[in-house]
Q: 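Following this message is one structure expressed as structure tokens.
Proteins get letters first, then strands, A, B, ... in listed order; numbering begins at 1 in each. Side chains included, hydrogens not; waters and symmetry mates left out as well; all remaining heavy atoms used. Just so you know, these numbers come straight off a predicted model, no measurement behind them.
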Amino acid sequence: MSQASVTAAGRLAGHGEAAHAHHHPTSLGIPNQKLATWLFIASESMFFASLITTYMVFRYRSVVGPHPDEVVNIPLTTVSTFILLMSSLTMALGVSAAHRGEMRAVGKYLALTILGGLGFLVIQFYEWWHLAHDFGLTWRTNIFGSVFYILTGFHKAHVIFGMLWLSVIAISSFRGTLRKEHAVNVDVAGLYWHFVDVVWIVIFTLVFLLTEAGV
Amino acid sequence: MATITVERSFWQALPKPKAESGFWSWVTTVDHKRIGILYFWTSIVFFLIGGVEALLMRLQLAGPNQTIIGPDLFNQLFTMHATTMIFLAIMPLTASFFNYFIPLLIGARDVAFPKLNAFSYWMFLLGGIFLNSSWFLGGPSDAGWFGYPNYSLKEYNPGLGVDFWIIGLLLTGIGTLVSGFNFIVTILNMRAPGMSLMRLPMFAWTTMVTSFLIVFSFPVITVALLLSLFDRLFGTLLFDIFAGSDLTVYHHLFWVFGHPEVYIIVLPAMGIVSEILPVFSRKPLFGYSVMVFSTMLIGFVGFGVWSHHLFTVGMGPVVNTVFALATMIIAVPTGIKMFNWIGTLYGGRIRFTAAMMYALGFLALFLIGGLTGVMLSAAPSNAQIHHTYFVVGHFHYVMIGGALFSLIAAIHYWGPKMFGRMLDERLGKIGFWTLFVGFNMTFFPMNILGVLGMPRRIYTYAAGMGFETWNAISTVGALIMGLSILITLYNLLTSLRRGEPAPADPWDGRTLEWTIPSPVPEYNFARIPHVSSRDELWVRKHPQLAHGAVAETAAAEEAPEEAIVMPGGSYMPLLVALGLFVGSYGLLYYMPVFWGGIAVSLLGLVGWALEGDNLRIVRPGGSH
């Protein structure tokens, strides 16, 4: 009866409501956790849409430099973007393993995903250091600095939160307490992780590529 | 009563709450009905606080050139009155009815995520305490319920008032957002067999659309609040006009939230009225499908009208026209609803109970609120009357004439189900008439004052400008309203002790909540109902209406289930909320406390995920 030993998804999904879901099918046929996660993602989309809009309005309004076109580093950010997107691949493999019931393999894929997130963060934090150190751009330098660090900072916070979430699932996978009925928890963690990646694609395009293109 | 225990990890071995009555049972409860009752009383306490703040302002404005309250305190009062009434009184009171009645209306035993539900309540309570604690810690914000920069920035608004306001709203906002997810999932996924979407009671529909509005609009105000908080705490330059900022970014972010917020407050009120009118007219709701779609239309178009709050910032004639037209379009689905309510009454056998009178009061007063809204939506005339008392009159007709009247109607209508006692009808009707008279005396003069040119948010006015009489009438009206609220409160409190015990179906009701005893047993339904009609209970009472469909479903329900598995209590929702609450004080006073609070919350989250279910078995036939 105990569904509870794992659900890292508990943050969103309450606790072992999976128990209910398994005994009484839901009205829509979609597990509660999954529906809630989609709604959470919808809400997060509005959150990032608001932040990104604010960035787009403010980015060239600074009265002192440096300005966006003076500081963007496309090659470095492209590498970090590639790493983050690859982590979505390993995440998808982890979800697929969970659906096949290979719960031990889930942990391995999630560990790779977490590593991908880590690689992304290392490069992104290096870029922050580089901007602050070589260009003197902090979030108190000008309005571009303020909105740039806040936007990318909130994205980083989401990556870090996702890594913590995935760690809890990975640990339970390695300890053997992740069971087949927990597949939906891996599923929703995957939804969140892909969402964080998609947001980064938008940020990469608008903050980095558009600036480089002179738009 | 048995407890299910299986293998135990460290987290699962943590102590679980066992109390079934008393203080700890309430602190750890995950029962939607108990959480609904907690919401109920907490929001009433905040409502009284907000009411006292309003009365103080009305006393100050009773005559010209008064100095009962200085300008500084006056600014704090209108800021805290609005914030308290919107976020800590009206929204949580609607949440109280969401909590108690949505599972009953759709035939479920609880919400989709009971622990998250408890967490929502604690975030509301602690956020409200945090916000109001600023009265004792250097004074609250005086920057209005919108908190516009740059007046809200540290430079112009030193002290911690605005910080308390921002963080308090963020804390309650987390709770509201989480309950938004919870109720959408509950309504979509936890419906009893046969309860198709187009058989949902209207209150469930309006709750779902409201929850969608919450899910899409709260993240936007979160961004607006966070940005100004970063400016205040960390010295960023987002709203520093000397650094090149554009303050209208904040205005837009705020009102992208702020206008849907109006519908977050009013749609549940429309749902309540749509439940009450059919019962006391003894007729089905007129035009049910159209009511459903007009609710959705209001919710959808409600996201496209926010700039009508900004007609005078200089967006230009094209933008102003677009938003004026979009705003006027909202009058169409709202008007449809109005005619459908009247259609429900038409030809009905109307019973004038207190609940019905409040619902009818809603129809009249909300209509005035809606019509003054259409007047405001015309951009040219808006330029004349914006920032005057006309606006204050308008939105109080929506907030009180709309929301509060229907909420008090709901207290009289659903109170017997929640508390197991009937409210006194005579006191209820006295309460209605005093509120109706007092309300119109208070707020109709404001419409006139606005056209005469009296600006809002000004602590006093000069003599001889034609404002005196209307302001004096308004203050007398406010005192009558205060009296009416005390009568209703007295009625509620005495009825809870001495009122007649409520039968299961005191009003000859139509929906599922009246099929079960009052107050409702822990498991709600001894057997999950099978639904075959929109007015399920009505059809069961009048089987000739059902063409034979009911007999078989009713037979299937005769025997109660022997053992019902219910979720038990948990300490974790409160622990996570407390971590954020204490950490918020740390953010303002001592950073280590902030990090400590965050650590407690994160540990609470892990405990939440891993502690297990604490499931309990309840036997309807047994001691319960």
Q: I'd like to check A:Y192 versus A:H158 (side-chain heavy atoms, cut-off strictly below 4.5 Å). Are they in contact?
A: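 They are in side-chain contact.
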Q: Using side-chain heavy atoms (C-beta onward) and a distance below 4.5 Å, is A:F195 in contact with A:W38?
A: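 A:F195 does not reach A:W38 side chain to side chain.
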Q: Which one, B:L237, B:N189, B:I184, leads in non-hydrogen pairs under 4.5 Å with chain A?
A: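 Most pairs with chain A among the choices: B:N189.
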Q: So which part of A:L28 gets closer than 4.5 Å to some heavy atom of chain B, the side chain, the backbone, both or neither?
A: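 Both backbone and side chain.
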Q: Please determine, among A:F47, A:F154, A:W139, A:F144, the option with the most heavy-atom pairs under 4.5 Å with chain B.
A: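 With the most close heavy-atom pairs to chain B, the winner is A:W139.
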Q: Is B:I214 in contact with chain A via its backbone, its side chain, both, or neither, using a 4.5 Å heavy-atom distance?
A: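 Looking at B:I214, nothing touches chain A.
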Q: Any luck finding a side-chain donor-acceptor pair between A:N142 and A:H67 under 3.5 Å?
A: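 No, no side-chain donor-acceptor contact under 3.5 Å.
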Q: Please state whether the side chain, the backbone, both or neither of B:F230 comes within less than 4.5 Å of a heavy atom of chain A.
A: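 B:F230 touches chain A through side-chain heavy atoms alone.
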Q: Would you mind checking which part of B:V185 comes under 4.5 Å of any heavy atom in chain A, side chain (CB onward), backbone (N, CA, C, O), both or neither?
A: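 Looking at B:V185, backbone and side chain both touch chain A.
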Q: At a 4.5 Å cut-off on heavy atoms, which part of A:V57 comes close to chain B: side chain, backbone, both, or neither?
A: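 For A:V57, side-chain heavy atoms alone lie under 4.5 Å from chain B.
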Q: Among B:L602, B:L253, B:L188, single out the residue with the greatest number of heavy-atom pairs under 4.5 Å to chain A.
A: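 When all of B:L602, B:L253, B:L188 are compared, B:L188 has the most.
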Q: Would you mind reporting whether A:W193 and A:S87 have side-chain heavy atoms less than 4.5 Å apart?
A: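 Yes - at least one pair of side-chain heavy atoms lies under 4.5 Å apart.
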Q: Side chain, backbone, both or neither: which part of B:L238 has a heavy atom under 4.5 Å from chain A?
A: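 When you check distances to chain A, atoms from both the backbone and side chain of B:L238 fall under 4.5 Å.
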Q: Given the options B:D246, B:T222, B:V220, which has more heavy-atom pairs under 4.5 Å with chain A than any of the others?
A: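 Among B:D246, B:T222, B:V220, the one with the most close pairs to chain A is B:D246.
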Q: Checking A:T141 against chain B: side chain, backbone, both or neither under 4.5 Å from a heavy atom?
A: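 When you check distances to chain B, only backbone atoms of A:T141 fall under 4.5 Å.
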Q: What are the two closest non-hydrogen atoms of B:S245 and B:F239, and how far apart are they?
A: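 The pair with the smallest heavy-atom distance is OG-CA, 3.4 Å.
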Q: Report which part of B:L226 has an atom under 4.5 Å of a heavy atom belonging to chain A: side chain, backbone, both, or neither.
A: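 The side chain, not the backbone.
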Q: Report the C-alpha separation of A:D187 and A:K34 in whole Å, then their side-chain angles, then the decisive distance to 0.1 Å, and conclude whether the salt bridge (Lys or Arg N to Asp or Glu O under 4.0 Å) test is met.
A: CA-CA 8 Å; A:D187 230 350; A:K34 207 165 183 174; 3.1 Å; yes
Q: Identify which part of A:Y149 has an atom lying under 4.5 Å from any heavy atom of chain B, answering side chain, backbone, both or neither.
A: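 No part of A:Y149 comes within 4.5 Å of chain B.
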Q: Can you confirm whether B:F234 is buried at CZ, in the sense that more than 12 heavy atoms of other residues, nucleotides or ligands lie under 6.0 Å from that atom?
A: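 Counting neighbours around CZ of B:F234, more than 12 heavy atoms of other residues, nucleotides or ligands fall under 6.0 Å, so yes.
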Q: Taking the six-membered ring for Trp, are A:Y55 and A:F148 parallel (under 30°), tilted (30 to 60°) or perpendicular (over 60°)?
A: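 Judged by the thresholds at 30° and 60°, the geometry between A:Y55 and A:F148 is tilted.
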Q: Just how far is it from atom CZ of B:R109 to atom CD1 of B:I564, taken to the nearest 0.5 Å?
A: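 It is 3.5 Å, given to the nearest 0.5 Å.
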Q: Given a strict heavy-atom distance threshold of 4.5 Å, which part of B:L227 is in contact with chain A: side chain, backbone, both, or neither?
A: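 Only the side chain of B:L227 comes within 4.5 Å of chain A.
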Q: Need one label for B:F212: side chain, backbone, both or neither, based on atoms under 4.5 Å from any heavy atom in chain A.
A: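 It is the side chain, since no backbone atom gets that close.
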Q: Only one of B:I106, B:L105, B:V531 clears side-chain contact (heavy atoms from CB on, under 4.5 Å) with B:L512; which?
A: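 With B:L512 as partner, B:I106, B:L105, B:V531 yield a single side-chain contact (heavy atoms from CB on, under 4.5 Å), made by B:V531.
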